[in-house]
Structure formats: structure tokens, C-alpha cells
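One structure below.
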Amino acid sequence: MASIGIVGTGFVADYYMRSLATLPDVTIAGAWDIDLDRLHAFRKFWRVPAAQSLDDLIGRRPDLILNLTNPGSHYAISLACLEAGLAVYSEKPLATRLDDARHLHAVATQKGLMLASAPCSILGESAQTVWKALRDRLIGTPRLVYAEIDDGFLIRAPHDRWRSESGAPWPVQDELAVGCALQHAGYYLTWLIAMFGSVTRVAAASAEVLGLVLADGSAAAPTYACASLFLESGVVARLTCSVVAPHDHTMRIFGDDGILEVAECWSNDAPVRVRRRHVLRRRLVDSPLARRLRLGGATHPKVGRKGATAMNFALGPQEMLAARAEGRTSRLDADLALHLTEVVLAIQSAGDGTGHQVITSRAGAVAPMPWAAG
Ligand SMILES: NC(=O)c1ccc[n+]([C@@H]2O[C@H](COP(=O)([O-])OP(=O)(O)OC[C@H]3O[C@@H](n4cnc5c(N)ncnc54)[C@H](O)[C@@H]3O)[C@@H](O)[C@H]2O)c1
């Protein structure tokens, strides 16, 4: 039986509790939040033990800490846990400053501790189906990727009515302060890195296009960002994030022999389709019919749809615990988390005049899941 300690019991922590329920042999050693009312509501709803402080939680020596605090707290909480000798799975981003992310990576490496960050959807069925189709060369050589993570005109959405299961409000101010690229680019970026290797160069632009002023008087982070990403395999990807354009989470991979399509990155089992090209008389046409690809057999443990997402948030923690039990490296590791953070920060902070940026960190090769490897 593996034990987990939770720091931060807000909106996303409820998704984690539903997701953790899909895993056998996991117990909650304790949960901690600086907001004691929130901690109490969470403890009561999920019937889990509350810790008295972060030190109290660390003292319970869980096998893994889930850092589910707001991004501004990620660095300090993860550092305290690593320094106390505990493995950490952090919600994204690993840190909001690159130097802080590098420091966490260095501490984890020096202490021989596992450190990883969300998202973990690369371990789910949709991503693994796309990846297997690429390995099976269903579209021949992949050349170009278009990935969209547009979330609709967020500020006019009824977000004040969005509540998690145990009653946490959706933290709109924090989301706008942190920024849509830092919050969301990772959902497709992790897939791209696993499938096509590390990002070596980024040419990006970002802007706050809504003229927002946050409740504390500060300016919002960019509400739009778009990047061309140059990947080690030679594939180039264009990734767009916004909280302005209508909801669109599609990714298309264009290859010599066809197109791979997935419609959603916030569902682990969104359909994956392949579309062929045909020559009809003197025209090249993309087939109006796309064939759905299925892996067959059991894939990842499923959670039901909750709110905007049908993701199993526990796939990352599960992978880390399995790696530890099996004495192997985790598919999600500190190198991947640092690389992801460097690329996402490069996209979000590009502004209107940065131009081309060289990425210095590298992720190691990620192995496909055994149920998709064949
Ligand atoms: N809201 C979503 O839909 C969503 C989805 C996926 C991932 N995430 C990620 O999850 C993380 C948390 O987001 P959220 O939506 O749950 O935010 P939230 O504000 O609802 O919850 C965060 C909780 O962390 C607590 N906290 C902050 N600093 C702390 C500290 N130093 N010590 C202890 N507790 C602390 C806060 O009191 C709060 O209860 C973020 O990294 C976010 O990117 C959020």
C-alpha cells in the first residue's frame, strides 16, 4: 500500500480524489491547506485525515507528495518536501520562474528523489493511440503539427458558478494572473516532446489582448500565445493558446501519407482519427471520412466526466509509484518537468519582440505504455 500526502485542497484536489479512487493500494496519509476552512470542507467531504501543518504532513512520511497549491506556491512547497527527503508530483507549472524550476531539479537530482509535474495525459489512451499510429507509420513521415488550446471567451463565462465537488470556487483570478500558456500549453507540449523529442528552438509571441485588470490592481498575464516549436526529430509544431477564441482543443499531425486528428486534450479517451489523401482526377483531396483508431484491450483506468474534463489526474502519481516499486525511472521525471517549464515560460513570456529563443534543457526518451507498445 502506497501513501500520498496532499498539499492544496482547492478546486483541482477534488479531481485528484476522484482519480485516485481508480487506483488500488493507495491511501491518503493526510491533506494540508493554509486555508483552514477549505481544508475542513475537503476533509469532511472526502473523509481523509487533515494535517496540522506542512511539517506535520511531511512528518507522516508519505511515499509521494502531491503539490496541488496555486502556481505561485509550487516552488516553496516542492522545495520544502524535497529537502525533507520526499518525492514530489507537482501540478503544472513546476515553478513560475525558470531559475526556481532549475533549483528544484538540482535538489531532486542531488538527493536522488523523484520529481515530476503535470500534465500526465501522455499516459492516457488518446495520446498513446496517436503515438502508436505514428510508430506504425499510418501517416508516413510526420512533418507538421497544428495544436489548438483555445478556451472560449473566458471572462464572460459563468465561472463564478463553477464549484468543485467539495465546494471550492474555480480560481479565475489566479488563472488570469498565471496565464493560459503557462496553465495549458503543457497539455499538448508533453505529447509533442514524448513523440518528437525535446524542443530545441521556439519562435513565439504572446499578448494580453483583453485589457484586463485583476482584483488586486495588477495586469493579467497574456491571454493569447502562439509558438512555432522546432523539435529534435525535425518535426515543427504550431501551438496556440488563448482564453479568447472559441473552444478548440484539436491537434492535427500532417504526414506524407495522411493526417492524424484528435479533438480534445482534456479527455484521456477522446477519439483519434486518421484521414487519408486521395488524388481525384487533377485534384488532391483530404478524405471527408476519417477512420477511428482504437488500441483494443484495457488501457488506463477511467474516471467519469466531471465538469470540463474527463481526465484521470492520478496517472502521473500512479506512474511514479509504479516506477519506485519496480526500481525503474518514471516516464514522467524531473528532466521532462524542467524542459516543459522552460518551453512554456519561453512561449508565455515571448511578448511582441522576443523572436527566436534557444531552449537549453532536454527531456530524456519517454517509453510508451506497455498496453500500447505492441
Ligand atoms: N482549476 C482547474 O480546473 C485546474 C485543472 C488542472 C490543473 N490545475 C492546477 O492545479 C493547481 C491548483 O489549482 P486550483 O484550481 O485547485 O486552485 P485553488 O485556488 O482552487 O486551490 C489551491 C489551494 O492551494 C492552497 N494553497 C496555496 N498556497 C498554499 C501553501 N503555501 N500551503 C498550503 N496550501 C496552499 C490554497 O489555499 C487553495 O486552497 C494549479 O497549479 C493549477 O494550474 C487546475
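Read the numbers this way: they start at 1 and go in the same order the structure lists the ligands and their atoms.
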Nearest to [atom], what protein heavy atom do you find, and at what distance?
| atom | answer |
| --- | --- |
| atom 42 (C) of ligand 1 | Gln183 OE1, 3.7 Å |
| atom 3 (O) of ligand 1 | Trp170 NE1, 3.3 Å |
| atom 33 (C) of ligand 1 | Ile34 N, 3.4 Å |
| atom 36 (C) of ligand 1 | Asp33 OD1, 3.4 Å |
| atom 5 (C) of ligand 1 | Val12 CG2, 3.6 Å |
| atom 15 (O) of ligand 1 | Pro171 CG, 3.2 Å |
| atom 11 (C) of ligand 1 | Thr69 O, 3.4 Å |
| atom 21 (O) of ligand 1 | Gly10 CA, 3.2 Å |

For this session: Using a strict 4.0 Å threshold on nitrogen-to-oxygen distance, state whether Asp63 and Arg324 make a salt bridge.
Result: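 Result for this pair is yes, salt bridge flagged.
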Nearest 0.5 Å please: distance from the [atom1] atom of [X] over to the [atom2] atom of [Y].
| X | Y | atom1 | atom2 | result |
| --- | --- | --- | --- | --- |
| Thr329 | Leu336 | OG1 | CG | 12.5 Å |
| Thr129 | Leu293 | OG1 | CG | 7.5 Å |
| Glu83 | Lys111 | CD | NZ | 6.5 Å |

For this session: Consider only side-chain N and O atoms of Asp174 and Asn70, and report whether a donor and an acceptor are under 3.5 Å apart.
Result: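 Present: a donor and an acceptor within the cut-off.
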What atoms of ligand 1 come closer than 4.0 angstrom to any heavy atom of [X]?
| X | result |
| --- | --- |
| His74 | 41 (O) |
| Phe313 | 6 (C) |
| Arg38 | 39 (O) |
| Pro71 | 40 (C), 41 (O) |
| Tyr187 | 6 (C) |

Seminar exercise, completed: Going by the 4.0 angstrom heavy-atom rule, the piece of Ile77 near ligand 1 is side chain
For this session: Not counting sequence neighbours, which residues clear ring-ring contact (aromatic ring centres under 6.0 Å, His included) with Phe45? List them please.
Result: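 ring-ring contact (aromatic ring centres under 6.0 Å, His included) check on Phe45 returns nothing, list empty.
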For this session: Check whether any N or O atom of Ser73, backbone or side chain, sits under 3.5 Å from an N or O atom of ligand 1, and answer yes or no.
Result: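 Between Ser73 and ligand 1 (N or O atoms, distance only) the closest approach is under 3.5 Å.
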Problem set entry | Phe11 N/O under 3.5 Å from ligand 1 N/O |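 So ligand 1 has an N or O lying under 3.5 Å from an N or O of Phe11.
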Exercise. So which of Arg275, Arg252, Arg292 actually passes side chain to side chain donor-acceptor pair (under 3.5 Å) with Glu261?
Worked result: Arg275
Exercise. Any idea which of Thr96, Leu94, Asn70 brings a heavy atom closest to atom 22 (C) of ligand 1?
Worked result: Asn70
Problem set entry | 4.5 Å side-chain heavy-atom contact, Asp56 and Trp32 | no
Under 3.5 Å, which donor-acceptor pairs do the side chains of residues 176-186 form with other protein atoms, sequence neighbours left out?
residue, atom, partner, partner atom, Å
Gln183, OE1, Lys92, NZ, 3.2
His184, ND1, Asp151, OD2, 2.9

Exercise. Parallel, tilted or perpendicular: which describes the rings of Tyr16 and Phe313, with under 30° parallel and over 60° perpendicular?
Worked result: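 Ring orientation, 0 to 90° scale: tilted.
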Problem set entry | Test of ring centre spacing under 6.0 Å for His105 and His103 |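 No, the ring of His105 stays outside the 6.0 Å limit from the ring of His103, centre to centre.
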